[in-house]
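Notes for the one structure printed next.
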Amino acid sequence: MEGGGGSGDRAAATRMTTVSRHYFGGSASERHHDLRVDIIENIEEDYGMFVWPCSVILAEYVWQQRSRFSASRVVELGAGTSLPGLVAAKVGADVTLTDIAQNTEVLNNIRSICALNNASCTVSGLTWGDWDETVFDLRPDIILGADVLYDSANFDDLFATVTFLLENSSGAVFITTYHNRSGHHLIEFLMVKWGLKCLKLLDGFSVLPPCKAASLQGNIQLVEIALDKEKHK
């Protein structure tokens with residue numbers, strides 16, 4: 001038994017981790033930038049431990065809209081490696097980073113990333129569709145979600161959580177980037193179902209500087225969503 005435990009510890013210690021650096025402002029390069037965020041990635045893990053293109057685009061949008069985010073209360077859903085939320089924290093937002101409550105490895109990695117970047121963020125477990133104390137305590141001005149629309153089985157739980165948070169904080173918006181895998185019509189259907197409306201829809205690559213756009217690919221949309229007040233009277 002002791003030998004088995006030692007083997008497991010060694011395997012955990014040798015996992016393929018790396019630190020990626022992300023630059024914002026200036027020419028968004030190592031030599032010329034205004035902000036750098038370092039992200040610990042585990043290239044052997046799946047969704048929660050890797051910086052996906054949607055996260056890069058959403059983080060760039062946060063940077064470009066930084067005056068809007070400064071002093072705002074921000075919640076990132078399905079934060080994973082948390083790049084957008086960390087940029088928001090660096091420009092002055094009060095940030096809560098959330099991911100699946102049971103996924104302690106991802107949550108612990110988020111805490112490590114916050115420490116690495118000297119970012120003061122709250123890290124909480126939040127599973128979409130679960131109504132625990134964490135959800136009721138959140139009153140965000142802005143909700144962020146990068147590539148949270150990848151599994152249609154979770155869409156209703158996600159939109160139920162988003163709708164509750166929007167109802168819980170007057171004037172709040174949900175900003176998300178997603179690969180247009182199923183077509184925007186599915187997102188439109190879910191917005192109608194949950195009494196939401198689209199405030200803004202952009203080609204995700206339109207917000208990227210050329211140096212970042214050249215290294216990414218895909219059909220990525222950025223959308224801002226709010227309550228349809230006519231349906232929530």
Side-chain angles (χ1 to χ4, degrees), residues 22 24 35 37 51-99 110 119 121-122 124 126 128 135 138-150 154-155 157-181 184 186-188 190-192 194-209 212-213 216 218-229 232:
H22 303 266
F24 301 88
L35 174 67
V37 176
V51 178
W52 297 97
C54 283
S55 185
V56 174
I57 289 172
L58 186 55
E60 181 66 33
Y61 188 69
V62 172
W63 169 256
Q64 292 180 14
Q65 300 264 323
R66 56 193 177 277
S67 61
R68 174 186 181 188
F69 280 82
S70 177
S72 294
R73 294 167 297 179
V74 173
V75 172
E76 185 172 0
L77 300 177
T81 51
S82 310
L83 181 59
L86 284 165
V87 174
K90 286 294 188 179
V91 300
D94 177 1
V95 176
T96 299
L97 303 169
T98 73
D99 212 298
I110 292 173
C121 301
T122 301
S124 298
L126 192 161
W128 307 333
V135 179
L138 295 174
R139 286 176 171 79
D141 301 307
I142 302 172
I143 307 161
L144 297 175
D147 211 7
V148 290
L149 293 162
Y150 61 84
N154 296 325
F155 283 5
D157 285 339
L158 169 64
F159 272 81
T161 298
V162 167
T163 302
F164 177 81
L165 292 174
L166 292 174
E167 290 175 332
N168 210 28
S169 189
S170 178
V173 297
F174 174 44
I175 308 175
T176 183
T177 46
Y178 63 93
H179 281 278
N180 197 10
R181 302 179 180 95
H184 185 69
L186 178 57
I187 311 304
E188 291 176 327
L190 288 163
M191 285 192 287
V192 170
W194 289 99
L196 307 175
K197 64 180 180 180
C198 176
L199 300 178
K200 183 186 295 186
L201 177 64
L202 300 173
D203 175 357
F205 284 85
S206 69
V207 308
L208 288 179
K212 292 186 179 182
L216 301 177
N219 180 7
I220 298 175
Q221 306 292 318
L222 184 149
V223 63
E224 293 199 20
I225 296 169
L227 287 180
D228 187 339
K229 293 182 180 179
H232 287 267

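Hydrogens, waters and symmetry mates are skipped; everything else that's a heavy atom, side chains included, is used. Count residues from 1 along the sequence. On a predicted model such as this, the values are computed, not experimentally measured, just so you know.
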So how far is it from [X] [atom1] to [Y] [atom2], rounded to the nearest 0.5 Å?
{"X": "Ser170", "Y": "Arg139", "atom1": "OG", "atom2": "CZ", "answer": "12.0 Å"}
{"X": "Asn168", "Y": "Thr163", "atom1": "CG", "atom2": "OG1", "answer": "12.0 Å"}
{"X": "Ile110", "Y": "Thr122", "atom1": "CD1", "atom2": "OG1", "answer": "12.0 Å"}
{"X": "Lys197", "Y": "Glu188", "atom1": "NZ", "atom2": "CD", "answer": "15.0 Å"}
{"X": "Gln221", "Y": "Asp203", "atom1": "CD", "atom2": "CG", "answer": "6.0 Å"}
{"X": "Ile220", "Y": "Asp147", "atom1": "CD1", "atom2": "CG", "answer": "7.5 Å"}

Q | Intermediate values then yes/no, side-chain contact (heavy atoms from CB on, under 4.5 Å), Val207 and Ile57 | A | CA-CA 7 Å; Val207 308; Ile57 289 172; 3.8 Å; yes
For residues [X] and [Y], report the shortest heavy-atom separation together with the two atoms involved.
{"X": "Val87", "Y": "Ala59", "answer": "CG1-O, 3.9 Å"}
{"X": "Thr81", "Y": "Val51", "answer": "OG1-CG2, 3.4 Å"}
{"X": "Leu97", "Y": "Ala79", "answer": "CB-CB, 4.3 Å"}
{"X": "Ala88", "Y": "Phe69", "answer": "CB-CD2, 4.1 Å"}
{"X": "Ile143", "Y": "Leu166", "answer": "CD1-CD2, 3.8 Å"}
{"X": "Gly80", "Y": "Asp99", "answer": "N-OD2, 2.8 Å"}

With side chains defined as the heavy atoms from C-beta onward, is the minimum distance between [X] and [Y] less than 4.5 Å?
{"X": "Val75", "Y": "Leu77", "answer": "yes"}
{"X": "Ile175", "Y": "Val223", "answer": "no"}
{"X": "Lys212", "Y": "Phe24", "answer": "yes"}
{"X": "Arg73", "Y": "Ile142", "answer": "no"}
{"X": "Leu149", "Y": "Ile187", "answer": "yes"}
{"X": "Thr161", "Y": "Asp157", "answer": "no"}
{"X": "Leu138", "Y": "Leu126", "answer": "yes"}
{"X": "Leu196", "Y": "Leu227", "answer": "yes"}

Q) According to the interplanar angle, ranging from 0 to 90°, do the rings of Phe174 and Phe159 count as parallel (below 30°), tilted (30 to 60°) or perpendicular (above 60°)? A)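 The arrangement is perpendicular - the two ring planes meet at more than 60°.
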**Q.** Residues Arg66, Val62; criterion side-chain contact (heavy atoms from CB on, under 4.5 Å); working and verdict
**A.** CA-CA 6 Å; Arg66 56 193 177 277; Val62 172; over 6 Å; no
Q | Thr177 side-chain N/O to Cys54 backbone N/O, donor-acceptor pair under 3.5 Å | A |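 Such a contact is found between Thr177 side chain and Cys54 backbone.
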Q: Check for a donor-acceptor pair, side chain of Thr176 on one end and backbone N or O of Ala146 on the other, with a separation under 3.5 Å.
A: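 Not a single qualifying donor-acceptor pair exists.
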(Q) Enumerate the salt bridge (Lys or Arg N to Asp or Glu O under 4.0 Å) contacts for residues 74-94, please, sequence neighbours excluded, ordered by first and then second residue. (A)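 Every pair satisfying salt bridge (Lys or Arg N to Asp or Glu O under 4.0 Å) with a residue in residues 74-94: there are none.
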Q. What's the verdict on salt bridge (Lys or Arg N to Asp or Glu O under 4.0 Å) for Arg68 and Glu224, showing C-alpha distance, side-chain angles and the deciding distance?
A. CA-CA 14 Å; Arg68 174 186 181 188; Glu224 293 199 20; 2.8 Å; yes
**Q.** side-chain contact (heavy atoms from CB on, under 4.5 Å) evaluation trace for Met191 with Ile225
**A.** CA-CA 8 Å; Met191 285 192 287; Ile225 296 169; 3.6 Å; yes
Q: Apply the test side-chain contact (heavy atoms from CB on, under 4.5 Å) to residues Leu199 and Val173: give CA-CA distance (whole Å), side-chain angles for both, the deciding distance (0.1 Å), then the verdict.
A: CA-CA 9 Å; Leu199 300 178; Val173 297; 3.8 Å; yes
